[in-house]
Amino acid sequence: ALDDLLREWPDVARFRLGQLSAARDELEKTAKEGRMPAEAAVWYGLVDVASGQTERALPLLEKLAAASSPPPLAHVAFGRALEAAGRPEAAEEMYRAAMQREPGAPEGPLALGELLLSRGRPHDAVPALEHAAKLDPSDLATRRALGEARLAAGKPAAGLYVLFYTDAA
């Protein structure tokens, strides 16, 4: 599966592997006449956020999220930048907007759930994370976050179960 991802989406694969410089190089190859496709620009902004260059990413991601037809994950990416910039309330709004605009994408509910969990709101995080886990039951980050949220919400059996069984979401 990783080989397929590297072949078809080398920029995304490099990003997910934490190879930020290589991801940036792959994304820059997508530019034509100085312009990058909107989907690639979203990932470029995420690379900036992951590299600690949040201030550089914010204007780009804000512009992409405000577009009349934003590219996939634009709201999640902008939310991640807002969260990194210390603006969790605005990030929460972006994650909720992502869930509305892309109801079949697990990234919005995952980001929302992780944010709520990090802010000490596990009871609020559980429904978002359960939704993300239903959309992508094999994603380990989602399962881990859901397990942590259920444990923090006082449901230790349910928290542990989701970490070990795929059907537990």
Side-chain angles (χ1 to χ4, degrees), residues 1-2 5 9 11-13 15-18 20 23 38-39 41-52 54 57-58 60-169:
L2 183 58
L5 185 62
W9 301 98
D11 47 1
V12 175
F15 176 82
R16 294 195 183 223
L17 290 169
L20 302 179
E39 291 84 0
V42 169
W43 286 99
Y44 199 83
L46 283 169
V47 168
D48 281 345
V49 172
S51 301
T54 302
L58 278 167
L60 169 66
L61 294 173
E62 181 176 25
K63 181 179 177 182
L64 291 166
S68 59
S69 238
L73 302 180
H75 290 88
V76 172
F78 186 37
R80 293 283 188 197
L82 290 165
E83 195 174 344
R87 298 170 50 197
E89 293 83 9
E92 184 175 340
E93 284 181 38
M94 279 300 112
Y95 298 148
R96 291 187 188 282
M99 291 172 64
Q100 279 190 311
R101 292 195 68 95
E102 299 179 66
E107 291 86 357
L110 172 60
L112 176 63
E114 288 175 330
L115 173 68
L116 295 171
L117 183 59
S118 74
R119 303 207 18 102
R121 297 168 51 193
H123 289 87
D124 296 330
V126 167
L129 293 168
E130 286 175 342
H131 182 62
K134 280 186 174 79
L135 293 170
D136 189 359
S138 64
D139 183 66
L140 295 178
T142 302
R143 296 175 65 74
R144 188 204 82 252
L146 178 55
E148 287 179 21
R150 285 180 174 171
L151 287 168
K155 300 176 183 178
L160 292 173
Y161 190 75
V162 77
L163 295 173
F164 298 105
Y165 300 100
T166 312
D167 67 343

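Given the structure is predicted, the values throughout are model-derived calculations rather than measurements.
In this view, Asp48 and Arg24, Arg56 satisfy the side-chain hydrogen bond (donor to acceptor under 3.5 Å, both in side chains) rule, not counting sequence neighbours. Residues that satisfy the side-chain hydrogen bond (donor to acceptor under 3.5 Å, both in side chains) test with Glu114, not counting sequence neighbours, are Arg80. Leu151 pairs by the side chain to side chain contact (heavy atoms under 4.5 Å, CB included) definition with Pro156, Leu160, not counting sequence neighbours. Leu117 meets the side chain to side chain contact (heavy atoms under 4.5 Å, CB included) test with Pro122, Ala125, Glu148, Ala149, Ala152; sequence neighbours excluded. With sequence neighbours left out, the side chain to side chain contact (heavy atoms under 4.5 Å, CB included) criterion links Leu58 to Thr54, Glu55, Phe78, Ala81, Leu82, Ala85. Every residue meeting the side-chain hydrogen bond (donor to acceptor under 3.5 Å, both in side chains) condition with Glu89, not counting sequence neighbours, appears here in chain and number order: Arg119.
In this structure, Leu60 and Ala41 approach most closely via the heavy-atom pair CD2-O, 3.5 Å. The shortest non-hydrogen separation linking Ser138 to Arg143 is C-CD, 4.4 Å. Across all non-hydrogen atoms, the minimal contact from Pro109 to Ala128 is CB-O, 3.2 Å. Taking every heavy atom of both residues into account, Ser118 and Glu83 meet most closely at OG-OE2, 4.4 Å. Scanning all heavy atoms of the two residues, the minimum distance from Val42 to Pro71 falls at CG2-CG, 3.6 Å.
Within the 3.5 Å criterion, the main-chain N or O of Gly79 finds a donor-acceptor partner in the side chain of Tyr95. Proximity of a side-chain donor or acceptor of His123 to a complementary backbone N or O of Ala153 within less than 3.5 Å is detected.
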Side chain to side chain contact (heavy atoms under 4.5 Å, CB included), that's the test. Do Met94 and Val76 meet it? Break it down for me. CA-CA 6 Å; Met94 279 300 112; Val76 172; over 6 Å; no
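Remark: Leu46 CG to Leu61 CG distance equals 6.5 Å, nearest 0.5 Å. The structure places CG of Asp124 at 8.5 Å from CG of Leu112, a figure rounded to the nearest 0.5 Å. Annotation: the span from Glu130 atom CD to Thr142 atom OG1 amounts to 12.5 Å, rounded to 0.5 Å.
Legend: side-chain hydrogen bond (donor to acceptor under 3.5 Å, both in side chains) pairs involving residues 66-76, not counting sequence neighbours: none detected. Among residue pairs with one or both ends in residues 93-106, those qualifying as salt bridge (charged side-chain N to carboxylate O under 4.0 Å, His left out) are Glu92-Arg96; sequence neighbours excluded.
Put simply, the residue from Leu110, Val162, Asp139 that forms a side-chain contact (heavy atoms from CB on, under 4.5 Å) with Leu146 is Val162.
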